[in-house]
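Heads up: the structure comes next, in structure tokens.
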Amino acid sequence: MKPVYLVGIVLSIILGSFFNWILCCESDNVLGAEDENGAKENVTSLASPLIIRDQTGDFLFKSDSNFYFNKSNFIIKRPVSSQIEKGVVSLKSYIGNQNNKFVDITGFYDPMEENNSAFPNLGLARANAVKNYLLSLGVSSKKLNIHGSSKEVLVMEEESIVEGPIAIAITENANIKDAQAIIDNIKQHPIVLYFDSGKSSIRLNQNQREKYLNMVRALDKVDNVSILVEGHTDNTGEAEANQVLGRKRAEFIKEYLVSNGIAPIRIQTVSKGQLEPIAGNDTQEGRAQNRRIVITVN
């Protein structure tokens with residue numbers, strides 16, 4: 001019986017090693033992928049995959065990964081998976097020569113997250129960040145539409161990283177028919193921001209956020225349009241110093257707009273100093289109205 005007993009032990013060891021190898025390899029295939037340089041990517045297993053499809057069935061892309069953001073944040077965590085990069089390149093090729101194909105990017109947010117962006121909600125800010133990623137890979141802005149939506153149950157990693165709050169779909173809606181009307185409306189009703197004396201700080205109200213969203217959408221759809229940021233001051237102090245202060249405020253707002261997804265090349269700044277008051281400088285209320293930034297398009 002001893003030889004049979006020994007054979008049984010040997011077979012158990014061999015089979016155990018074999019199944020352990022199978023399970024290990026399967027785990028590696030699900031949880032990780034290697035980039036072109038052979039480095040292991042941080043790809044999470046199908047918890048919130050990125051899927052892009054055309055309802056016609058002519059295009060379908062699936063990735064085990066997605067875009068990741070810190071909680072209450074709209075900046076994409078890097079690096080982005082090479083799977084997604086390849087998918088976007090394929091998407092660009094698919095929609096590039098088809099006049100009736102566009103892309104809807106929807107960003108999701110939990111209502112409990114804090115929105116520190118210039119957009120009406122954090123989902124729109126995240127969608128705009130992904131839009132800019134697609135632009136960096138050569139997709140035309142005229143092909144891209146951004147949307148935001150609340151979602152109370154988001155996939156969270158370690159309670160601080162939001163996993164995959166992005167959906168991308170191919171559509172036939174260009175969403176550009178009102179772009180020129182938006183441009184004209186912004187010229188008539190620009191965003192006006194006010195500053196305390198000698199200070200530079202910024203927080204948009206909801207109406208200003210809506211105007212900002214319209215501005216971003218119009219920039220994406222209309223050629224030869226840029227944002228103009230004008231800095232104005234009251235007449236407190238020397239005129240030359242106020243000219244410098246107006247410039248600093250305009251540059252501060254430019255940095256804010258860039259951090260919210262507008263390319264620096266699309267923004268012009270100018271200081272009007274104390275030269276164009278809209279109220280009298282002989283009262284505190286009038287001076288407060290004159291300390292302003294005007295954001296418009298030209």
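Computation of the quantities below employed the complete heavy-atom set of this structure, encompassing side-chain atoms and omitting hydrogens, waters and symmetry-equivalent molecules.
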Looking only at side chains, do [X] and [Y] share a donor and an acceptor under 3.5 Å apart?
X      : Y      : answer
Asp58  : Thr56  : yes
Asn70  : Ser160 : no
Asn128 : Lys131 : yes

ILVMFWY cluster, [X] and [Y] together (side-chain gap under 4.5 Å):
X      : Y      : value
Val225 : Leu228 : no
Leu154 : Ile168 : no
Val162 : Val80  : no
Phe59  : Leu137 : yes
Leu122 : Ile161 : no

Identify the two heavy atoms, one from [X] and one from [Y], that lie closest to each other, and give their separation to 0.1 Å.
X      : Y      : result
Arg292 : Val294 : NE-CG2, 4.0 Å
Lys143 : Gln98  : NZ-O, 2.5 Å
Pro165 : Phe67  : CD-O, 3.5 Å
Thr233 : Gly246 : CG2-N, 3.8 Å
Ser140 : Leu135 : C-CD2, 3.9 Å
Ile105 : Ala127 : O-CB, 3.6 Å

Test item: [X] side-chain N/O and [Y] main-chain N/O as donor-acceptor pair under 3.5 Å:
X      : Y      : answer
Ser93  : Val89  : no
Gln83  : Asp64  : yes
Arg217 : Asn145 : no
Arg291 : Tyr194 : no
Gln208 : Asn205 : yes
Ser271 : Val244 : no

Does atom [atom1] ([X]) have a neighbourhood of more than 12 heavy atoms from anything else shown, all under 6.0 Å?
X      : atom1 : result
Glu210 : CD    : yes
Arg53  : CZ    : no
Gln206 : CD    : yes
Asn99  : CG    : no

Does the side chain of [X] reach to within under 4.5 Å of the side chain of [Y], using non-hydrogen atoms?
X      : Y      : result
Asn214 : Asn185 : no
Ser226 : Asn298 : yes
Ile51  : Leu60  : yes
Lys221 : Ile182 : no

Quick check for you: to the nearest 0.5 Å, what is the distance between [X] atom [atom1] and [Y] atom [atom2]?
X      : Y      : atom1 : atom2 : result
Ser150 : Phe108 : OG    : CZ    : 9.5 Å
Glu230 : Thr296 : CD    : OG1   : 7.5 Å
Asp282 : Asp234 : CG    : CG    : 11.5 Å
Ile84  : Tyr133 : CD1   : OH    : 6.5 Å
Phe69  : Ile75  : CZ    : CD1   : 10.0 Å
His232 : Leu193 : NE2   : CG    : 11.0 Å

- request: Take Val139 and Ile95 through the side-chain contact (heavy atoms from CB on, under 4.5 Å) test and state the conclusion after the steps.
  value: CA-CA 9 Å; Val139 182; Ile95 66 173; 4.1 Å; yes
- request: Output, in order, the C-alpha distance, side-chain angles, deciding distance and verdict of side-chain contact (heavy atoms from CB on, under 4.5 Å) for Asn115 and Phe74.
  value: CA-CA 9 Å; Asn115 178 22; Phe74 57 92; 5.7 Å; no
- request: Pick out which of Asn242, Asn290, Asn235, Thr236 makes a side-chain hydrogen bond (donor to acceptor under 3.5 Å, both in side chains) with Gln274.
  value: Asn242
task: Identify the residue among Lys248, Lys254, Arg247, Arg249 that makes a side-chain hydrogen bond (donor to acceptor under 3.5 Å, both in side chains) with Thr269.
output: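 For Thr269, the side-chain hydrogen bond (donor to acceptor under 3.5 Å, both in side chains) test succeeds with only one of Lys248, Lys254, Arg247, Arg249, which is Arg247.
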query: Looking at residues at least two apart in the chain, or sitting in another chain, which of them share a salt bridge (charged side-chain N to carboxylate O under 4.0 Å, His left out) with Glu172?
result: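 Partners of Glu172 under the salt bridge (charged side-chain N to carboxylate O under 4.0 Å, His left out) test: Lys101.
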- prompt: Can you check salt bridge (charged side-chain N to carboxylate O under 4.0 Å, His left out) on Lys142 and Asp223, steps first, answer last?
  reply: CA-CA 10 Å; Lys142 292 183 179 180; Asp223 292 327; 2.8 Å; yes
task: Check step by step if side-chain contact (heavy atoms from CB on, under 4.5 Å) holds for Ile227 and Leu219.
output: CA-CA 8 Å; Ile227 291 178; Leu219 286 174; 3.5 Å; yes
query: How about Phe119 and Tyr212: are their ring centres within less than 6.0 Å of each other?
result: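 Yes: the rings meet the under 6.0 Å criterion.
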field: From CA spacing to verdict: salt bridge (charged side-chain N to carboxylate O under 4.0 Å, His left out), Arg126, Glu113
entry: CA-CA 13 Å; Arg126 286 169 173 164; Glu113 291 185 276; 2.7 Å; yes
field: Val155 and Asn66: CA distance, side-chain angles, deciding distance, side-chain contact (heavy atoms from CB on, under 4.5 Å) verdict
entry: CA-CA 11 Å; Val155 178; Asn66 205 313; over 6 Å; no
